[in-house]
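Some notes on the structure that comes next.
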Amino acid sequence: MIDLTKLQNIVDSTNIDLKESDVLNFLKNRKRWPFKYPWNQPTVEILSNAGDLQSNYLFDADSYLNFNKWEELYNLGYTSVVSNILDLTDDLRILQKKLFYETGLNITANFYFSKPGQQASFDAHKHSYDVIVKQIYGESTWTINNKSFVLQSQKSCIVPKNSVHQVLDKNVKKLSLTINIE
């Protein structure tokens, strides 16, 4: 049985020092962001105001991310989901190793990267797996199972599987790390 509180402690104790400029630089590396990974997961998507994820517009004919197209939407306040990111920095690789040693599972994680302007999140929804969210910088107001709270910079929360959750607002630039425990 996986102890989510122990995993949260690992996440909390692992310093992940990233700034907006770091994420922008990651996304400028075109070849790191093909349209989809070999397992068919999109690499970079934006949350539309209809509440769904879109990616087709973001990629050139050669199927790699067009940073300028992506940046235009980011500057308008659209939230981006950047998938499979635990290889991007030493801090993230250390976290991935710690989580693997604790669980024996290949843990995946995503960034939710945004600034004010457009829809904050998906509508209230749930997952069939547990999630740990770490707010790298900025803050956002969450609701999990009808309980609301503000997730502050460098703090984390557990979203237990099958819990109805949603980010209610994004009033500042923010970067969240979501760790999926499947």
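This structure is a prediction, so every number in the text was calculated from the model and none was measured.
One distance of note links CG of N68 with CG of L73; it measures 11.5 Å at 0.5 Å rounding. Here the CD-OG1 distance, from Q166 to T141, works out to 11.0 Å after rounding to the nearest 0.5 Å. Annotation: the span from T89 atom OG1 to I85 atom CD1 amounts to 8.0 Å, rounded to 0.5 Å. Here the CG-CG distance, from D22 to L175, works out to 9.0 Å after rounding to the nearest 0.5 Å. If you take CG on L47 and CZ on F122, they are separated by 5.0 Å, rounding to the nearest 0.5 Å. Note that the OG atom of S63 and the CZ atom of F35 stand 7.0 Å from one another [nearest 0.5 Å].
Exactly one residue among N171, V172, N75 makes a side chain to side chain contact (heavy atoms under 4.5 Å, CB included) with K115. That residue is N75. Among the candidates L99, D130, V133, the single residue satisfying the side chain to side chain contact (heavy atoms under 4.5 Å, CB included) test with I179 is L99.
Between F26 and F111, the ring-plane angle classifies as parallel under the 30° and 60° cut-offs.
There is no side-chain donor-acceptor pair under 3.5 Å between T43 and K36. S148 and W142 form no side-chain donor-acceptor contact under 3.5 Å, judged by distance and modelled atom types alone. A side-chain donor-acceptor contact under 3.5 Å links D52 and Q54. Looking at S140 and Q135, their side chains do bring a donor and an acceptor atom within 3.5 Å of each other. In this model, a donor atom of one side chain and an acceptor atom of the other lie less than 3.5 Å apart for T14 and K98.
Contact annotation: the side chain of K170 approaches that of T79 to within less than 4.5 Å [non-hydrogen atoms, C-beta and beyond]. Inter-residue side-chain proximity for N180 and I107 is flagged as unmet; no heavy-atom pair is nearer than 4.5 Å. Contact check for H125 versus H165: side-chain heavy atoms found under the 4.5 Å cut-off. Within the 4.5 Å cutoff, no side-chain heavy atoms of V159 are placed close to those of T178. Side-chain contact between F113 and E20: present, with at least one pair of heavy atoms (C-beta onward) separated by less than 4.5 Å. In this structure the side chain of N66 never reaches within 4.5 angstrom of the side chain of F59, judged on heavy atoms. Side chains of P42 and V44 form no contact here, defined as non-hydrogen atoms less than 4.5 Å apart.
Using a 4.0 Å cut-off between charged nitrogen and carboxylate oxygen, D87 and R32 count as a salt-bridge pair. Classification of K6 and E102 as a salt-bridged pair holds, one side-chain N sitting under 4.0 Å from a carboxylate O.
Judged by distance alone, the side chain of T103 and the main-chain N or O of L105 form a donor-acceptor pair under 3.5 Å.
Taking the ring centre of F67 as origin, the terminal cationic atom of K28 falls inside the region bounded by 6.0 Å and 45° from the ring axis. A cation-pi geometry, defined here as NZ or CZ lying under 6.0 Å from the six-membered ring centre and within 45° of its normal, holds between K31 and Y64. The cationic atom of K69 (NZ for Lys, CZ for Arg) lies less than 6.0 Å from the six-membered ring centre of Y57 and within 45° of the ring axis.
The environment of D3 atom CG is dense: over 12 non-hydrogen atoms of other residues, nucleotides or ligands sit within 6.0 angstrom.
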